[in-house]
Amino acid sequence: ANDLSLQLKQAHWNIQGTPFVMLPGLFDKLHDETEAYIDTLAERCVQLPALNNSIPGPIDLSLNPYLRRPLRCAADPRFEEITACMSTQVGKTTFILLTVLYRLANDPVATLHVSPRQEDAEAACRERYAPIIRESPELLKLFPDPAKDLAKNHIQSPKMVINCESAGSPRALSSRAVGLLVMDELDKWDEWSGKEADPVELARERTASYHYRKILKVSTPTTDAGYISKEYAASTGEKYWVPCPHCGGFQVLVFGDPGPAGPGIKWPENATADEIYAGKLAHYQCEHCQRKIGDGHKREMLIAGMWVPKERTDKDGKILGPPPASVHAGFHLWAAYSNFRTFSDIAARFKSAGNIPQKVMNFRNSWLAATWKLTPNELHGAMIRKNEETYPRGSAPAGAWLLTAGVDVQRVAERTYLYYVIRAWGKEGESWLVKCGTAEGWVVLHQILFGSHYRTIGPAEVLPLHDVVIDSGDGNTREEVYQL
């Protein structure tokens with residue numbers, strides 16, 4: 001199918017003679033029809049093994065129909081680069097595997113799959129590509145000796161090699177020319193240090209000698225400084241629009257404000273995370289008619305959905321505006337589009353994150369497919385006061401796990417000043433001030449650190465002092481610090 005598609009596109013540009021005016025449109029129509037056939041090949045040929053797949057057997061794209069256009073773009077010679085900025089559980093890995101396996105079966109080309117770490121690269125071969133090939137007869141017949149051809153970090157048929165390498169290996173990234181480059185979990189690659197070439201540019205250069213090159217960049221985002229958000233911004237910037245099952249109005253799903261107004265995921269105001277999750281209390285509110293959309297509506301909504309590029313709009317299910325003149329297609333998806341995530345799953349995860357930065361960052365990255373950026377402006381007085389707690393000096397609230405202490409040693413006019421702070425820490429990274437001040441001499445400091453007991457309030461448990469870090473100042477007090 002892809003070979004026919006390419007020949008039809010070439011025919012468009014090589015017509016000679018009197019029928020020139022009539023034939024290009026015909027060839028373009030035939031090209032689009034063969035292109036549309038590409039994603040159905042996966043459903044006919046690819047079998048998912050029970051290993052690492054919750055639904056083994058023939059792949060069914062009706063569960064994630066939004067993958068059809070990205071797959072077609074990946075097979076369309078008009079697009080050189082495809083960026084997929086996606087949360088977990090929406091089909092990132094499926095998109096990569098089907099693209100590579102399609103090329104294996106229909107248009108073989110040297111392929112490089114780059115993962116953040118070496119163990120990830122080996123797992124891609126061992127746990128992803130190889131099991132699917134062994135389970136799919138149409139793919140397995142391409143390998144004369146599967147036991148040898150499906151190796152630890154590369155897949156090799158007589159016509160195509162798939163090398164799986166780590167982003168941390170400059171030698172591997174620069175050693176071969178490839179026509180298909182997969183940058184997997186791009187935002188988890190090590191940041192460019194300046195000592196070696198930028199791994200992204202190093203990998204991209206491997207495709208320079210191929211006229212019909214294809215570069216796939218797929219990742220969950222991390223921060224604004226990450227690669228994937230910048231690549232998506234430079235692409236067609238497409239988002240998936242779905243119709244309301246009640247009024248038919250098309251819209252992009254958003255998390256929205258937890259309050260009753262506006263579109264987004266809604267739940268009872270005072271419900272806890274456990275109550276939302278167990279009771280399936282959340283729903284989606286349509287931006288047009290404000291009616292409730294349940295999880296049972298989602299599958300049909302997704303099947304009827306469509307991708308709309310940035311700077312274009314939708315009206316009654318029709319895309320308005322000229323198509324973007326770009327060879328770089330980009331797609332954004334978050335957890336609300338997944339048939340494997342309910343609206344209550346998302347709401348409960350948001351509630352459980354609370355104000356714990358690590359959990360909030362994970363929710364934004366892995367569930368909203370959004371970047372995380374903590375700026376000083378976010379640390380306003382209201383947020384600080386909201387986290388204020390009242391408890392006796394020298395103790396910590398229940399939930400504290402261990403203590404750490406820091407001591408700054410300053411010597412001024414032959415006098416030694418010992419400034420200390422003791423903090424308690426919870427298992428999720430929470431921190432509470434227990435005690436701070438100035439110790440008058442080393443004996444007093446020793447008593448404060450090692451001769452006193454600091455307990456939690458409520459169930460009174462003695463907290464262990466896990467670490468003490470002492471600055472020895474200008475060196476004049478170094479021996480005293482070591483003695484302590």
Parallel, tilted or perpendicular: rings of W334 and Y337 (30°, 60°):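 Y337 vs W334 ring planes: perpendicular.
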Aromatic ring pairing H297/H246, orientation class (parallel under 30°, perpendicular over 60°, tilted between):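 It falls in the perpendicular class, over 60°.
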Taking the side chain as C-beta and beyond, is there a heavy-atom pair between [X] and [Y] under 4.5 Å?
{"X": "F363", "Y": "I346", "value": "yes"}
{"X": "D471", "Y": "V407", "value": "no"}
{"X": "T220", "Y": "E185", "value": "yes"}

Which heavy-atom pair separates [X] from [Y] by the least distance, and what is that distance?
{"X": "A329", "Y": "C73", "answer": "CB-SG, 4.2 Å"}
{"X": "R455", "Y": "V462", "answer": "NE-CG2, 3.7 Å"}
{"X": "I293", "Y": "F343", "answer": "O-CE1, 3.5 Å"}
{"X": "Y66", "Y": "W307", "answer": "O-NE1, 2.9 Å"}
{"X": "S87", "Y": "A335", "answer": "OG-N, 3.1 Å"}

Modelled atom types, side-chain donor and acceptor of [X] and [Y], under 3.5 Å:
{"X": "T83", "Y": "H328", "answer": "yes"}
{"X": "W372", "Y": "T222", "answer": "no"}
{"X": "Q118", "Y": "D120", "answer": "no"}
{"X": "D224", "Y": "T371", "answer": "yes"}
{"X": "Y129", "Y": "H113", "answer": "yes"}
{"X": "S366", "Y": "R349", "answer": "no"}
{"X": "K351", "Y": "T272", "answer": "no"}

Cationic N near anionic O, under 4.0 Å, D60 to R299: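 A salt bridge is present here (some side-chain N lies under 4.0 Å from a carboxylate O).
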Sidechain N-carboxylate O distance under 4.0 Å for E231, R204: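 Answer for the salt bridge query: yes.
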With a 3.5 Å distance limit and no angle check, can you tell me whether [X] reaches the backbone of [Y] through a side-chain donor-acceptor pair?
{"X": "Y240", "Y": "L302", "answer": "yes"}
{"X": "D187", "Y": "I228", "answer": "yes"}
{"X": "K298", "Y": "R341", "answer": "yes"}

R176/E165 under salt bridge (charged side-chain N to carboxylate O under 4.0 Å, His left out): CA gap, chis, key distance, verdict: CA-CA 12 Å; R176 57 180 65 87; E165 300 288 356; 3.7 Å; yes
Quiz item: cation-pi between K280 and Y277, 6.0 Å / 45°: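 Relative to the ring axis of Y277, which defines the angle, K280 lies inside both limits.
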Pi-cation contact, W432 with R423 (under 6.0 Å, within 45°):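 Judged by the rule (NZ or CZ under 6.0 Å from the ring centre, within 45° of its axis), R423 is not positioned above W432.
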Ring centre gap for F95 and F331 strictly below 6.0 Å: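 Between F95 and F331, the centre distance exceeds or equals 6.0 Å.
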